[in-house]
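First comes the structure, then the notes that go with it.
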Amino acid sequence: MSAVVTLGEAMAVLAADRPGPLASGSSLRLGFAGAEATVAIGVSRLGHPASWTGRVGADSAGTMIIDTLRGENVDVTRARVDDTAPTALMLRERRTTDHTRVSYYRRGFAGSRLTPEDIDAELIARARVLHVTGITPALGDGPRAAVRHAVDLARAAGVTVSLDLNYRARLWTREEAAAELAYLSSRADVVFAGPDEASLVVPEADPAAMARALLDLGPREAVLKLGSCGAVAATRSDEAVQDIVPVTPVDPIGAGDAFVAGYLAGLLDGAPLPGRLLLAATCGAFAVAAPGDWEGLPRRGELDLLQGEDVTR
């Protein structure tokens, strides 16, 4: 049984090793990325079983993704290998030391062919948390229907629904995103967002006010990820603020998903709101202190490497 069930797109990543424009002979590092897959890995490394549902192509990239997830103890038995479409690709260029430029090759690829038929109702019903993001419904009608179907199944089974708004401007307009994300927020129990993402569905500008306004849409917990300014969270009876856990940043990619993984692990641990936020911030710090989307995610026994206090409570 998986404590956390996720679904979404995972894609191969070719990332430049050093700053500068891509040119013939440039050195690229092969990996993979996907918000939901990163959360699954993060939760698994913290000791809670996790499952990922999605589609990859019948190609070497798809095999690499499935094998890596399996090696991270993520259940991939519900993942599908689509022999009619290739695995999606992300090309990540470090144009300067401070600026990363990303190109996506995903429309019509395997990950965008997710459908409600790919969703395992029994797997969701036996989970404690279903985690979805705003990326998947932006990929097309099939993925959007799959997310809605999964959320409906979770709610019917009394499973906690976690939603990270994760707005991607290249995939849909703000107007399209606002309508769908407002609907999903009304069906979720825990909602994560950055300030710009939250502004799609609530009018407030202050992060704490945004969190409280998100609660008015229906969830019981709302968490604002503020990057270098930390985070703020609100429930109907409590609020908490969390500063960043200081590290020397190496790569900011994946920090938000690492944060979500830590928060959900804290929720599964039964930690109070401040403890959940501290664990989330710690996981985010580990993520930015190492290259890659998920490679730096911590294991339970490593959490005290960044600070002396116990972040597991």
Side-chain angles (χ1 to χ4, degrees), residues 2-15 29-56 61-62 64-76 79 87-90 92 100 102 104 106 111 114 129-136 138-139 143 147 162-168 190 192-194 197 223 225 227 231 249-268 279-300 302:
S2 293
V4 175
V5 172
T6 68
L7 62 142
E9 181 187 48
M11 66 188 79
V13 176
L14 289 174
R29 176 175 51 88
L30 175 64
F32 80 92
E36 300 87 356
T38 295
V39 170
I41 292 172
V43 169
S44 176
R45 286 192 179 184
L46 292 173
H48 296 286
S51 172
W52 177 80
T53 296
R55 291 195 183 204
V56 298
M64 177 267 296
I65 291 169
I66 295 299
D67 285 351
T68 305
L69 286 169
R70 188 181 290 117
E72 291 289 338
N73 294 315
V74 173
D75 176 16
V76 290
T87 303
L89 174 67
M90 177 195 303
R92 185 177 295 151
T100 298
V102 175
Y104 292 103
R106 67 201 312 177
L114 191 71
V129 176
L130 169 72
H131 178 67
V132 297
T133 78
I135 299 172
T136 307
L139 295 174
V147 169
S162 165
L163 168 69
D164 190 344
L165 297 192
N166 254 342
Y167 171 62
R168 295 292 185 267
V190 184
F192 300 91
E197 295 164 336
V223 186
K225 298 179 288 184
V250 173
D251 184 354
I253 303 297
D257 299 320
F259 180 97
V260 170
Y263 191 93
L264 293 180
L267 186 67
L268 294 168
L279 183 53
T282 302
C283 289
F286 269 99
V288 303
D293 291 68
W294 54 268
E295 289 84 345
L297 291 169
R299 302 183 190 281
R300 182 72 67 170
E302 298 177 313

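Numbering starts at 1 and runs along the sequence shown.
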message: Let me confirm one number: the OG1-CZ distance from Thr133 to Phe192, rounded to the nearest 0.5 Å.
response: 12.0 Å

query: Tell me, do Val56 and Met64 make a side-chain contact under 4.5 Å, heavy atoms counted?
result: no

- prompt: Tell me, do Val190 and Leu163 make a side-chain contact under 4.5 Å, heavy atoms counted?
  reply: no

query: Does the side chain of Val74 come within less than 4.5 Å of Thr68's, by heavy atoms?
result: no

query: Tell me, do Thr38 and Leu297 make a side-chain contact under 4.5 Å, heavy atoms counted?
result: yes

statement: Note: Val288 and Ala255 closest approach over all heavy atoms is CG1-CB, 3.4 Å

query: Who pairs with Thr87 by side chain to side chain donor-acceptor pair (under 3.5 Å), at least two apart in sequence or on another chain?
result: Asp59

- prompt: Who are the salt bridge (charged side-chain N to carboxylate O under 4.0 Å, His left out) partners of Asp75, not counting sequence neighbours?
  reply: Arg78

query: What residues, two or more places apart in sequence or in another chain, satisfy side chain to side chain donor-acceptor pair (under 3.5 Å) together with Arg299?
result: none

message: Quick check: closest heavy atoms across Ser51 and Ser2, and the distance to 0.1 Å?
response: CB-OG, 3.2 Å

message: Checking the side chain of Ser44 only, and the main-chain atoms of Ala40 only, is there a donor and an acceptor separated by less than 3.5 Å?
response: no

- line: Applying salt bridge (charged side-chain N to carboxylate O under 4.0 Å, His left out) to Arg70 and not counting sequence neighbours gives Asp67

- line: Sorted by chain and residue number, the side chain to side chain contact (heavy atoms under 4.5 Å, CB included) partners of Leu268 (sequence neighbours excluded) come out as Ala3, Val4, Val43, His48, Arg128, Val129

- request: Using the test ring-ring contact (aromatic ring centres under 6.0 Å, His included), find all partners of Phe259 that sit at least two apart in sequence or belong to another chain.
  value: none

- request: Under the side chain to side chain donor-acceptor pair (under 3.5 Å) rule, collect the residues that match up with Thr136, sequence neighbours excluded.
  value: Glu36

message: Please find the pair of heavy atoms, one from Leu114 and one from Gly54, that lie closest to each other, and give the distance.
response: CD1-CA, 4.0 Å

Under 3.5 Å: donor-acceptor pair, side chain of Asp293, backbone of Gly254: no

Pairs touching residues 252-265 that satisfy salt bridge (Lys or Arg N to Asp or Glu O under 4.0 Å), sequence neighbours left out: none

task: Output all residues satisfying side chain to side chain contact (heavy atoms under 4.5 Å, CB included) with Ala88, sequence neighbours left out; order by chain, then residue number.
output: Glu9, Met11, Arg106, Phe109

message: Looking at every heavy atom in both Gly256 and Lys225, which two are closest together, and how far apart are they?
response: O-NZ, 3.7 Å

Heavy-atom closest contact (Cys283 atom, Ala258 atom, distance): CB-O, 3.3 Å

- request: For the pair Arg55 (side chain) and Gly111 (backbone), establish whether a donor and an acceptor sit closer than 3.5 Å, ignoring hydrogens and angles.
  value: no

query: Who are the side chain to side chain donor-acceptor pair (under 3.5 Å) partners of Glu72, not counting sequence neighbours?
result: Arg45

query: Residues in side chain to side chain contact (heavy atoms under 4.5 Å, CB included) with Val102, at least two apart?
result: Met90, Arg92, Thr100, Tyr104

task: Of all the heavy-atom pairs spanning Leu264 and Ser162, show the shortest one and how long it is.
output: CD2-OG, 3.7 Å

- prompt: So Phe32 and Trp294, would you call those rings parallel, tilted or perpendicular, with 30° and 60° as cut-offs?
  reply: tilted

